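Right, one structure below, let's go through it.
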Protein chains: 2
Amino acid sequence: MNLQKLKARALSDPQVKAEYDNLEDEFKLINQLLSMRAQAGLTQEQLAKRMHTSKSNISRLERGNTNPSWATLVKYAHACGFELSLTPHKA
Amino acid sequence: MNLQKLKARALSDPQVKAEYDNLEDEFKLINQLLSMRAQAGLTQEQLAKRMHTSKSNISRLERGNTNPSWATLVKYAHACGFELSLTPHKA
DNA sequence: AACGAGGTTATCATAAACGACAACATGGAG
DNA sequence: CTCCATGTTGTCGTTTATGATAACCTCGTT
């Protein structure tokens with residue numbers, strides 16, 4: 001019983017699988033955010049100013065303590081000098 | 001004074017430009033949603049069931065009468081058989 | 001050790017998303 | 001025209017994102 005099998009067994013539970021997938025998506029999202037800010041070379045505070053909000057809110061976003069709206073994501077991206085596209089791909 | 005110039009002049013107003021960009025983003029988003037549902041060959045009601053919600057909410061989403069959260073977009077995509085990626089590209 | 005920059009956390013108020021349900025619109029099939 | 005499937009709109013209650021502010025943590029620098 002190694003880790004791989006433990007993981008496999010856990011993920012065979014639909015409930016667990018659903019939560020895992022949500023985490024996956026959330027991580028991907030957060031990484032995109034961090035990546036954009038890094039490429040822009042901005043601190044949370046600088047980004048916050050450009051988004052007309054405060055740095056604590058940026059932190060919340062990047063910590064995954066919230067479920068950002070599309071508008072918020074677009075604002076974040078714009079503040080970092082990016083446009084955003086939603087790209088669906090076959091599961 | 002043709003349409004092109006009128007548009008150009010209007011968009012030179014930062015305020016107007018910002019609103020225009022928001023519309024652009026919203027249209028792109030909605031088109032992605034409609035496209036995914038079309039490819040999945042689902043009615044709003046079928047999609048709603050898969051998302052554990054009601055068809056009126058799907059309509060609201062697709063009419064742009066709301067600012068969907070990332071989680072909602074992901075649920076929508078999954079229900080259509082897609083994964084979602086957020087792809088930033090230089091403005 | 002003291003300071004400051006960058007990030008985190010807590011809390012509050014307000015606006016908005018979301019789910020549910022009902023009523024209505026629309027357009028195609030018979 | 002009548003049905004029916006599909007989509008739209010209105011409204012209500014609940015949950016949650018968002019903005020604001022303040023306090024706190026963590027390092028690196030001096």
Side-chain angles (χ1 to χ4, degrees), chain A residues 14-15 18-19 21-84 86 88, chain B residues 14-15 18-19 21-82 84-86 88:
Chain A
Q15 187 96 27
E19 289 170 18
D21 286 348
N22 282 339
L23 283 183
E24 284 265 289
D25 284 322
E26 187 180 327
F27 286 148
K28 281 190 296 187
L29 174 67
I30 292 179
N31 283 337
Q32 288 286 9
L33 295 181
L34 294 174
S35 165
M36 282 192 280
R37 185 160 69 84
Q39 287 182 57
L42 296 171
T43 68
Q44 289 184 342
E45 194 160 22
Q46 291 170 326
L47 180 56
K49 271 207 170 59
R50 293 192 185 192
M51 287 178 67
H52 304 105
T53 182
S54 42
K55 61 175 184 171
S56 58
N57 299 317
I58 306 297
S59 175
R60 231 175 8 190
L61 258 182
E62 295 181 351
R63 299 286 301 175
N65 293 334
T66 194
N67 230 276
S69 70
W70 177 247
T72 299
L73 295 175
V74 168
K75 268 188 246 168
Y76 187 106
H78 282 176
C80 292
F82 293 95
E83 294 293 332
L84 270 196
L86 204 62
Chain B
Q15 187 95 28
E19 288 170 19
D21 286 348
N22 282 339
L23 283 184
E24 284 265 289
D25 284 321
E26 186 180 328
F27 285 148
K28 281 190 297 188
L29 174 67
I30 292 179
N31 283 336
Q32 288 288 10
L33 295 181
L34 293 175
S35 165
M36 281 190 283
R37 186 160 68 85
Q39 287 182 57
L42 296 171
T43 69
Q44 289 184 342
E45 192 159 25
Q46 292 170 326
L47 181 54
K49 270 209 170 59
R50 293 192 186 191
M51 289 179 65
H52 304 105
T53 181
S54 42
K55 61 175 183 168
S56 56
N57 300 316
I58 306 296
S59 175
R60 257 189 327 203
L61 257 182
E62 296 181 351
R63 299 285 301 176
N65 294 334
T66 194
N67 230 275
S69 71
W70 177 247
T72 299
L73 295 175
V74 168
K75 266 187 248 169
Y76 187 107
H78 282 176
C80 291
F82 292 96
L84 268 197
S85 296
L86 203 61

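A, B, ... follow the sequence lines: proteins, then strands. Residue 1 opens every chain. A quick note: this is a predicted structure, and the numbers were derived from the prediction, not measured.
- Residues T72(B) and N67(A) fail the side-chain proximity criterion, which asks for heavy atoms closer than 4.5 Å.
- If you measure from atom CG of N65(A) to atom C1' of dT8(C), you get 9 Å, rounded to the nearest angstrom.
- Rounded to whole angstrom, the span from the CD atom of E62(A) across to the P atom of dT8(C) amounts to 7 Å.
- Heavy-atom contacts from other residues, nucleotides or ligands closer than 6.0 Å to CD of E45(A) number 12 or fewer.
- For the pair Q39(A) and F82(A), the minimum side-chain heavy-atom distance is below 4.5 Å.
- Side-chain N or O atoms of Q32(B) include none that pairs as donor or acceptor with a backbone N or O of L29(B) at under 3.5 Å.
- You'll find the side chain of E62(A) reaches within 4.5 Å of the side chain of R37(A), heavy atoms only.
- Nearest heavy atoms, A48(A) versus S54(A): CB-C, 3.5 Å.
- A heavy-atom distance below 4.0 Å to DNA chain C is reached by these residues of residues 30-42 of chain A, ordered by number: R37(A).
- Following rounding to the nearest Å, L47(B) (CG) and dG7(D) (C1') show an atom-to-atom distance of 13 Å.
- Listed here is the closest heavy atom pair of M51(A) and I58(A): SD-CD1, 3.8 Å.
- Base engagement by S59(B) is indicated by at least one non-hydrogen atom pair under 4.0 Å involving a base atom.
- Residues P88(B) and L84(A) share a closest heavy-atom pair of CA-CD2, 3.9 Å.
- With rounding to whole Å, E45(B) atom CD is found 13 Å from dC21(C) atom C1'.
- As a whole-Å value, the separation of L61(A) CG from dA17(D) C1' is 9 Å.
- Among dT8(C), dG6(C), dT8(D), the nucleotide with an atom closest to any side-chain atom of R63(A) is dT8(C).
- Rounded to whole Å, the distance from CD1 on I58(A) to C1' on dA17(D) is 13 Å.
- Following rounding to the nearest Å, Y76(B) (OH) and dC18(C) (P) show an atom-to-atom distance of 13 Å.
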Scoring nucleotides 19-30 of chain D by protein non-hydrogen atoms under 4.0 Å (B base, S sugar-phosphate only, - none) yields BBBB--------
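- Straight-line distance from the CD atom of Q44(B) to the C1' atom of dT8(D): 8 Å, rounded to whole Å.
- Of all heavy-atom pairs between L86(A) and W70(B), the closest is CD1-CZ3, 3.6 Å.
- What you find for L61(B) and I30(B) is that their closest heavy atoms are O-CG1, 4.4 Å.
- Using a 4.5 Å heavy-atom threshold, the side chains of S59(B) and N65(B) count as separate.
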Which letter, B, S or -, goes with each nucleotide of nucleotides 25-30 of chain C from 5' to 3', with contact meaning a protein heavy atom under 4.0 Å? ------
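- Take the nearest nucleotide of DNA chain D for T43(B) and for S69(B): the residue whose nucleotide is more 5' is T43(B).
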